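Notes for the one structure printed next.
Both backbone and side-chain heavy atoms feed into the values below; hydrogens, waters and symmetry mates do not. If you read the sequence from its start, that first residue is 1, and numbering goes on from there. In this text the structure is predicted, and so the values were computed from the model without any measurement.
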Amino acid sequence: MNILVTGSAGFIGANLVKRLFTEMAEGTIIGLDNLNNYYDVSLKEYRLKELDTLYEAVIAGSTRNLHYMFVKGSIADKELVNRLFSDNKFDIVVNLAAQAGVRYSIENPDAYIESNILGFYNILEACRHAKDLVAAHSDTNNSQLNNSEQTLNSKLSTLNYRGVQHLVYASSSSVYGGNKKVPFSVDDRVDNPVSLYAATKKSNELFAHCYSKLYDIPTTGLRFFTVYGPAGRPDMAYFGFTNKLVKGETIQIYNYGNCRRDFTYVDDIVEGIVRVMAKAPERKTGDDGLPIPPYKVYNIGGGQPENLLDFVQTLQEELVRAGVLPEDYDFEAHKQLVPMQPGDVPTTYADSTALERDFGFVPKITLREGLRKFAEWYKSYYNP
């Protein structure tokens, strides 16, 4: 099994690669990430160093034929993407690379078009032409080989390659826009995004459906709901709040605290991804002779929306418990209730029954457990 994970230095991507290290008996894992500076690059480097350390520990003294390589680059670089596909016979592609952030999309839309639209298109095209890219690569290599047995083995290996069997990609709960019906269901209409970020994620779903229909590529989109945990993204509320409180700054709680979020611990997200990776949508042919799109979209969330004020209270308690903040910290003096920000929505709440039905997925980590693990990591990382 050869797997490409884009965004592998990102929060979810790095945790997914860790999980694959522990579960794969043989095969190749290629990680791709451009290490952009949307947030602190040293945090991405920290995740990559953790991956290197874990990989070395996993294969030390092991008989497993497991290979891992990290490549620095962008999915918007078509030549690089095609070269990776030609050099590696990818069976599964997990596209987690994207320009994230709702508010940043208002300030810097170009980054979202480049990564989330053009980059995703490059991945789809590479999946579509995977067998051709591998064959071309094999022919080039074979022309340089004198050993006829090596040439024959290489050609047989290429002939046996079936192409990409499953593309799993990150969508987002933001596609639901200003939907007032909760919980959000994949059957709801998602035609009214309230941010460019959301629009690019909905575009990804439409692109994937098109490629599934026309080229019989099994694709599964996962709409993530507010992922959190250790070594997460500093632009997320729990991390940003912590940074500000440590500095003695005031945190702003949007919509005067009348927000609810379906917080999902990163290990639960990874569990869902791994289950989905192993079960691609079935390929079938329709009456028109074209493929019935082997295409699925699922919500993946914690299943329990939390009021933002309750969330902040729990975070405060766990930061004190971990020693990140002193017991006498005056939280009330460092909180400010403010109006809703452009591009935000008051409530996100996932209906994940389809994921439970098809994959037996049920999130297990409670908000307090997850925030406790984050607070302990934060203490060890910033103030060991």
Side-chain angles (χ1 to χ4, degrees), residues 3-22 29 31-55 70 72 74-75 94-105 111-112 115-116 119 168-174 197 200-201 204 221-243 261-274 276-277 300-302 311 315 348 350 363 365 367 369-378 380-382:
I3 299 173
L4 171 66
V5 178
T6 72
S8 65
F11 179 33
I12 299 173
N15 279 280
L16 174 61
V17 174
K18 281 183 186 179
R19 176 71 178 270
L20 295 176
F21 284 167
T22 65
I29 303 167
L32 175 65
D33 200 295
N34 65 358
L35 297 178
N36 68 26
N37 62 356
Y38 170 62
Y39 62 81
D40 186 3
V41 177
S42 65
L43 194 56
K44 301 177 182 183
E45 293 170 341
Y46 163 81
R47 298 186 192 122
L48 289 176
K49 185 176 180 181
E50 274 200 321
L51 290 179
D52 288 339
T53 301
L54 178 59
Y55 174 65
F70 171 73
K72 183 181 179 181
S74 170
I75 59 173
V94 184
N95 185 61
L96 301 174
Q99 179 57 58
V102 170
R103 297 183 192 95
Y104 189 65
S105 70
Y112 292 77
S115 180
N116 301 9
V168 181
Y169 63 94
S171 185
S172 168
S173 61
S174 67
Y197 172 69
T200 63
K201 287 301 184 178
N204 287 175
L222 295 173
R223 294 174 178 172
F224 297 141
F225 280 70
T226 316
V227 188
Y228 74 102
R233 278 173 35 204
D235 62 317
M236 298 296 285
Y238 70 100
F239 206 136
F241 284 175
T242 301
N243 284 338
R261 290 290 180 266
D262 197 358
F263 295 97
T264 318
Y265 189 68
V266 66
D267 287 358
D268 283 332
I269 288 285
V270 168
E271 176 66 29
I273 295 173
V274 168
V276 167
M277 286 170 62
I300 179 166
F311 155 78
L315 176 63
T348 63
I365 306 298
L367 181 64
E369 287 179 274
L371 289 178
R372 178 165 296 180
K373 291 180 180 181
F374 163 73
E376 291 171 349
W377 168 83
Y378 191 97
S380 66
Y381 183 76
Y382 288 105

ring-ring contact (aromatic ring centres under 6.0 Å, His included) involving Tyr55 - partner list, sequence neighbours excluded: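 Partners of Tyr55 under the ring-ring contact (aromatic ring centres under 6.0 Å, His included) test: Phe21, Tyr68.
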
Is a side-chain N or O of [X] found less than 3.5 angstrom from the main chain of [Y], in a donor-acceptor match?
X	Y	value
Tyr112	Ser105	yes
Thr264	Phe225	yes
Thr6	Ala97	yes
Arg47	Gly232	yes
Lys201	Ala170	yes
Asn204	Asn116	yes
Asp268	Ile365	yes
Asp33	Ala9	yes
Tyr238	Gly229	yes

From CA spacing to verdict: side-chain hydrogen bond (donor to acceptor under 3.5 Å, both in side chains), Tyr378, Asn243: CA-CA 10 Å; Tyr378 191 97; Asn243 284 338; 2.6 Å; yes

Face-on cation placement of Lys44 at Tyr39 ring, 6.0 Å and 45° thresholds: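 Checked: cation-pi criterion met.
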
Evaluation steps, side-chain contact (heavy atoms from CB on, under 4.5 Å), between Arg223 and Ile300: CA-CA 6 Å; Arg223 294 174 178 172; Ile300 179 166; 5.8 Å; no

Set of residues satisfying side chain to side chain contact (heavy atoms under 4.5 Å, CB included) with respect to Met277, sequence neighbours excluded: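 With neighbours one apart ignored, the set is Ile3, Leu16, Leu20, Ile92, Val94, Val168, Ile273.
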
NZ-CG distance between Lys49 and Leu54, expressed to the nearest 0.5 angstrom: 14.0 Å

Spacing of CD1 belonging to Ile29 relative to OG belonging to Ser8, to within rounding of 0.5 Å: 10.0 Å

For Phe70 against Leu32, the heavy-atom pair lying closest together: CE1-C, 4.3 Å

Within the 6.0 Å centroid threshold, strictly below: Tyr228 and Phe374: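 Ring centroids of Tyr228 and Phe374 are no less than 6.0 Å from each other.
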
Worked verdict on Phe311 versus Leu371 for side-chain contact (heavy atoms from CB on, under 4.5 Å): CA-CA 9 Å; Phe311 155 78; Leu371 289 178; 4.0 Å; yes

Trace of the side-chain hydrogen bond (donor to acceptor under 3.5 Å, both in side chains) decision for Tyr38 with Asp235: CA-CA 9 Å; Tyr38 170 62; Asp235 62 317; 2.7 Å; yes

Worked check of side-chain contact (heavy atoms from CB on, under 4.5 Å) between Tyr197 and Ser172: CA-CA 9 Å; Tyr197 172 69; Ser172 168; 3.6 Å; yes

side-chain contact (heavy atoms from CB on, under 4.5 Å) assessment of Ile12 paired with Ile269: CA-CA 8 Å; Ile12 299 173; Ile269 288 285; 3.9 Å; yes

